[in-house]
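All of these numbers come straight from a predicted model, not from anything done at the bench.
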Amino acid sequence: YNVHDYMSANYDFDIENKRISQLAKYDLLNLRKVPELDIFAETVCLITDSPGSLVAVMERELQTIQSCVLLNIETVVRKNTMCQFAVNSKEMLLIEDTLLDQRALDNEMLMQGKIRFYVSVPLIDAEGYVLATICAVDFKPKTLSQDQINSLHKLASAVTKLLTSRKIDIYAEFFFE
């Protein structure tokens, strides 16, 4: 693997350009905090029994944070995120103990923050593009039950619907102003 695999030989610029177009279509580029998402970030903490979580959109070079619990951040350079792996693979990334995962060991933010548990679920639209992620962090290693994993996937689906409904709102504002 390559920590910066979004810039490696495996990186598909065409797919990434289409993914970025989807973000624009849903008006998700350069998006800042979205208070309506706070309940979802809090629910991620409840599902995973973790103190920290976030909902974040992955842009080409930056991850923008729309909602977070415990963490006080607005943006993170993409190559410094763990969410990049969930975005690239379109699959949940579950790291039960960050000290046993090379991707996590290579991530300064996780190591400096003493984060020991990490999970990220991609938010995938109907066309198959990853728009964002929900993730949780903890200061101690842990495992998740299948019920917790299923609940995270259901929550990811709900957040995706909310984010993609922004397009409908944009079009409605255009036609009804």
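Side chains of Thr75 and Arg32 form a contact here, defined as non-hydrogen atoms less than 4.5 Å apart. The shortest side-chain heavy-atom distance between Lys25 and Ser21 does not fall under the 4.5 Å cut-off. Taking 4.5 Å as the limit, every side-chain heavy atom of Phe117 sits out of range of all side-chain heavy atoms of Thr143. Side-chain atoms of Tyr26 and Asp125, non-hydrogen and from C-beta on, do get closer than 4.5 Å to each other. Looking only at side-chain heavy atoms (C-beta outward), Leu93 and Arg103 come within less than 4.5 Å of each other. Ile95 has its side chain out of reach of Val119: every pair of non-hydrogen atoms, C-beta onward, lies at least 4.5 Å apart. Side-chain contact between Leu131 and Thr164: present, with at least one pair of heavy atoms (C-beta onward) separated by less than 4.5 Å. Looking at Leu163 and Leu37, their side chains come closer than 4.5 Å, going by heavy atoms from C-beta outward.
A single hydrophobic cluster is seen to contain both Met111 and Val137, as judged by linkage of ILVMFWY side chains at heavy-atom distances under 4.5 Å, directly or through other members. Tracing side-chain contacts under 4.5 Å through hydrophobic residues (I, L, V, M, F, W, Y), one reaches Leu29 starting from Val159; they form part of the same cluster. The cluster map of Ile, Leu, Val, Met, Phe, Trp and Tyr, joined by side-chain heavy atoms under 4.5 Å apart, puts Leu144 and Ile47 in the same cluster. Under a hydrophobic-cluster definition in which Ile, Leu, Val, Met, Phe, Trp and Tyr are linked whenever side-chain heavy atoms come within less than 4.5 Å, directly or via other members, Leu46 and Leu155 are assigned to different clusters. The cluster map of Ile, Leu, Val, Met, Phe, Trp and Tyr, joined by side-chain heavy atoms under 4.5 Å apart, puts Leu94 and Val130 in different clusters.
No side-chain N or O of Thr48 forms a donor-acceptor pair with one of Lys142 less than 3.5 Å apart. Between the side chains of Asn88 and Gln84, no donor-acceptor pair of N or O atoms lies under 3.5 Å. No hydrogens or angles considered: nothing links the side chains of Asn80 and Glu108 as a donor-acceptor pair under 3.5 Å.
Panel note: side chain Lys33, backbone Cys68; no donor-acceptor pair is recorded below 3.5 Å. Using a distance-only test at 3.5 Å, with no hydrogens or angles considered, a donor-acceptor pair links the side chain of Ser89 to the main chain of Glu91.
A salt bridge does not link Glu127 to Arg19: none of the charged nitrogens lies less than 4.0 Å from a carboxylate oxygen. A salt bridge is absent between Lys79 and Glu61: the closest approach of a Lys/Arg side-chain nitrogen to an acidic carboxylate oxygen does not fall below 4.0 angstrom. At a threshold of 4.0 Å, the pair Arg116-Asp138 does not count as salt-bridged, since none of the basic side-chain nitrogens sits closer than that to a carboxylate oxygen.
Contact record, Glu59 with Leu31: OE2-N, 4.1 Å, taken as the closest heavy-atom pair. Pairing each heavy atom of Leu152 with each of Val121, the nearest pair is CB-CG2, 4.0 Å. The shortest heavy-atom contact between Val44 and Cys135 is CG1-O, 3.6 Å. The minimum heavy-atom distance between Ser120 and Ala86, with the atom names listed, is OG-CB, 3.7 Å. Of all heavy-atom pairs spanning Leu70 and Pro51, the tightest one is CB-O, 3.3 Å. Nearest heavy atoms, Tyr129 versus Ile15: CE2-O, 4.1 Å.
A cation-pi arrangement is absent between Lys114 and Phe139, since the terminal nitrogen or guanidinium carbon is not both under 6.0 Å from the aromatic centre and inside a 45° cone about the axis.
Listed by first and then second residue, the side chain to side chain donor-acceptor pair (under 3.5 Å) pairs involving residues 63-72 are Asp38-Ser67, Thr64-Gln66 (not counting sequence neighbours).
One distance of note links NE2 of His153 with CD1 of Ile134; it measures 8.5 Å at 0.5 Å rounding. Taking CG from Asp101 and CZ from Phe85, the interatomic distance works out to 8.0 Å, rounded to the nearest 0.5 Å. Rounding to the nearest 0.5 angstrom, the gap separating the CD atom in Glu36 from the CG atom in Leu162 is 7.5 Å. Distance CG/Leu54 to SG/Cys83: 5.5 Å, rounded to 0.5 Å. Between Ser50 atom OG and Gln148 atom CD the span is 8.5 Å, to the nearest 0.5 Å. Atom CD of Gln112 sits about 9.0 Å away from atom CG of Asn107, to the nearest 0.5 Å.
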Begin with the C-alpha distance, continue with both residues' side-chain angles, and end with the deciding distance and a verdict on side chain to side chain contact (heavy atoms under 4.5 Å, CB included) for Glu42 and Val69. CA-CA 7 Å; Glu42 292 166 10; Val69 174; 4.0 Å; yes
Residues Val87, Arg78; criterion side chain to side chain contact (heavy atoms under 4.5 Å, CB included); working and verdict: CA-CA 11 Å; Val87 170; Arg78 181 176 178 159; 4.0 Å; yes
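Take Lys154 and apply the salt bridge (charged side-chain N to carboxylate O under 4.0 Å, His left out) test, not counting sequence neighbours, and it matches no residue.
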